[in-house]
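Reviewing the structure listed below.
Order of the sequence lines fixes the chain letters, A, B, ..., with proteins taken first and strands second; residue numbering starts at 1 for each chain.
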Number of protein chains: 2
Amino acid sequence: MTGRTSKQQGRPRRQSGDVRLADVAAAARVSAPLASRILNADPLVRATPETKARVLEAAEQLGYVPNIAAKTLRQRRTGLLGLVVHNLSSPIYLDLLQGARTEAAANNYFLVLGDVDELLTDEEAYRILVNGKRVDGLIVQGGHGEFDQHIAEIARALPTVIVNAPPKLTGTVAPLVAPDEGAATRMLTEYLLALGHTRIGLISGPYESPTNVLRTNGVREALAEAGAILREEDTVHLTWSAEAGRAGLRELATRWDGPGDRPTALIGGNSLIGIGMLRAAAELDIAVPAELSIAAVHDTWISEHLVPSLTTVSLPLREMGETAVRLLLSEPPRARQTIISDPPPRLHVRASTAAPG
Amino acid sequence: MTGRTSKQQGRPRRQSGDVRLADVAAAARVSAPLASRILNADPLVRATPETKARVLEAAEQLGYVPNIAAKTLRQRRTGLLGLVVHNLSSPIYLDLLQGARTEAAANNYFLVLGDVDELLTDEEAYRILVNGKRVDGLIVQGGHGEFDQHIAEIARALPTVIVNAPPKLTGTVAPLVAPDEGAATRMLTEYLLALGHTRIGLISGPYESPTNVLRTNGVREALAEAGAILREEDTVHLTWSAEAGRAGLRELATRWDGPGDRPTALIGGNSLIGIGMLRAAAELDIAVPAELSIAAVHDTWISEHLVPSLTTVSLPLREMGETAVRLLLSEPPRARQTIISDPPPRLHVRASTAAPG
DNA sequence: CTGAAAGCGCTTACAG
DNA sequence: CTGAAAGCGCTTACAG
């Protein structure tokens, strides 16, 4: 116990257990820079294998882990990516989050969570995240009017990738990662047409929302190809929620007079809407799929557990998260093109759809 | 353009837009330390209001945002908290995540996301998060055999709070934030008893899991108080998934011979199980709630949109997240007591329960 | 190719 | 109470 170590009796300057690069270097009898280069596998290093082994072993034995703050200060790289979304509670974006997190982890990056509404109200948080060099890049979810106005500003301060783009910003401010929305609803519509449905309706989100425009167009295109149209009267646009899906179908049903005067299949603009539609159908005693087929965009974990289980088309959300991270970590990250995420939408046929009665 | 500034013509040493504390100090004609103290509202500072205003204004005008890496290196405080959970896709823990995120943000902290399984397989990620001083503290979700073995080690390296505790670690290794599991199932059982049910069954997660033990005990206690018991034959223990809830009810149903020989109400160990039970009931043509009442632990967003909507008891997950963060940020954070999160469970009566037929 | 020196941008004992 | 100096722990031009 007699002072061979540098531990001081009074106040220890750092908590025990803290091992610095200098400690590793000393233990391996090399300089700190050389230790740094060996530990970081610098290819220019010509040290003998023995020396390298000595350094690696010393690091291992001392349990050395580099201090990230010091690295960051020196290299201007935090190893952190921010993910700023609207509504974490929505099951829809969990897959995107998972994809982003997995891909980040594969590159030894971690994800920091931000909330759009909070960033809008908490100026301090905004500055820390956007201007404080807290993260190396940001994945932001567009489509929120007030927030969209800030995206250009954010993209100027930090490498940024947009998911779920607002139309004005598309391809002009930062790369956009988006799925092929039109293909998704086209696929759903073609599937229903193939089943024999000829009159197909739609309950979706706000009419002017960019996502709705794309999804509605997909329905229209598929119908047009089959020589049919999307009738105004078979359409309701409210919000993207389950409650809206329920209200939407109730609204549609009030328009139905005779038994033949109604669509035989309905598409829900997203899975929440689809869930609400299923509920309204049950409440209105409309048999699904016997009297009415129901299908929706987005395949979430709940789809197969509903009664009846819900036919859906899944968008490659996980892959979008991965792509967003990959773009952020690639050089140069500021490419301005629009990236449609690759795997095409995929159909999940379940019990809520069938040939028309 | 003639050299009053320190900008060099050749390679700029830092990207434009980067403002350092020194720049603010120079603009305000004070020393950097004084500027630091004023910006951080050090109460010992006696500078004149004019001086203070000058510094604040200079910071504002230059758009100064402190470099977090430098602060962290100096103060040994990252402003980051890690949240390590098992299964982000589960709707159950989203509320916990939200609560933690909100409370963290209120203290100008951000949340970093970790995944238990990934941390177990990726040694590098584990070291970075646990030993790399990447975060100031960790909220870890227990109840995962392999991971539980690491929790003590983690708690030794970093301020740690456990949620969803493994029994061995409870109160011995780090503070535990847990809801009153027993009270939740007791409440559900008492409600069903009050409706007139006398034979109540249970489909829950793995028998030996600590959470299941607590929840099952709650059912037993409430039944005992009413002079009833939880019959072995009315019980199935599989996993915590919707699939297990479905399989569980199917299994129970095979045990029912005569029409009178069955429970009139069933409790699902969590909301996923409850969802699966609802599905199995529909598949088996068991009318809910006419023939069988179904209720479950955890109130998620989907509960009210199911058909029939699901009666649940909600645990204070949001508050647990908040409490966990508050503990981590309070001094000393290493208190070893068990913290039962405060608001008691709350009953949400919906359409899946009724008086026995 | 390696080592000694400098420096990333802050904050905080330490002198005055 | 304020300022000059030191130092947090790294990495990287820069000399040798």
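Looking at heavy-atom distances under 4.0 Å, Val45(A) makes contact with sugar-phosphate atoms alone, never a base. Residue contacts for Ala69(A): at a heavy-atom cut-off of 4.0 Å it reaches no nucleic acid atom on any strand shown. Looking at heavy-atom distances under 4.0 Å, Leu21(A) makes contact with a base. Heavy atoms of Leu34(B) sit under 4.0 angstrom from primed sugar atoms or phosphate atoms, though from no base atom.
Here the side chains of Arg77(A) and Lys71(A) are not in contact, with every heavy-atom distance at 4.5 Å or above.
In this structure, the nucleotide among dT11(C), dG3(D), dT2(C) sitting nearest to the side chain of Arg37(B) is dG3(D). Distance from the side chain of Asn67(A) is smallest to dC10(D) among dC10(D), dC10(C), dG3(C). Ranking dT11(C), dG3(D), dC10(D) by closeness to the Arg74(B) side chain, first place goes to dT11(C). The side chain of Tyr64(B) lies closest to dC10(C) when the candidates are dA4(D), dC10(C), dC14(D). Side-chain atoms of Pro33(B) lie closest to dA4(D) of the nucleotides dA4(D), dG9(C), dC1(C).
If you measure from atom CZ of Arg76(A) to atom C1' of dT12(D), you get 13 Å, rounded to the nearest angstrom. Regarding Leu73(A), its CG atom lies at a distance of 13 Å from the C1' atom of dT12(D), rounded to whole Å.
As rounded to the nearest Å, dC10(D) and dC14(D) have P atoms that lie 23 Å from one another.
Separation of atoms CD1 (Ile151(B)) and OG1 (Thr160(B)) is listed at 8.5 Å; rounding is to 0.5 Å.
Scanning all heavy atoms of the two residues, the minimum distance from His86(B) to Asp115(B) falls at O-OD1, 3.4 Å.
Donor-acceptor pairing under 3.5 Å is lacking for the side chains of Tyr93(B) and Gln98(B).
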For DNA chain C, what string of dots and brackets results from 5' to 3' when Watson-Crick and G-U pairs need both distances under 3.5 Å, crossing pairs get [ ], and pairs with another strand get |?
|||.||||||||.|||
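Using a cutoff of 4.0 Å between basic side-chain nitrogens and carboxylate oxygens, Arg127(B) and Glu123(B) are not scored as salt-bridged.
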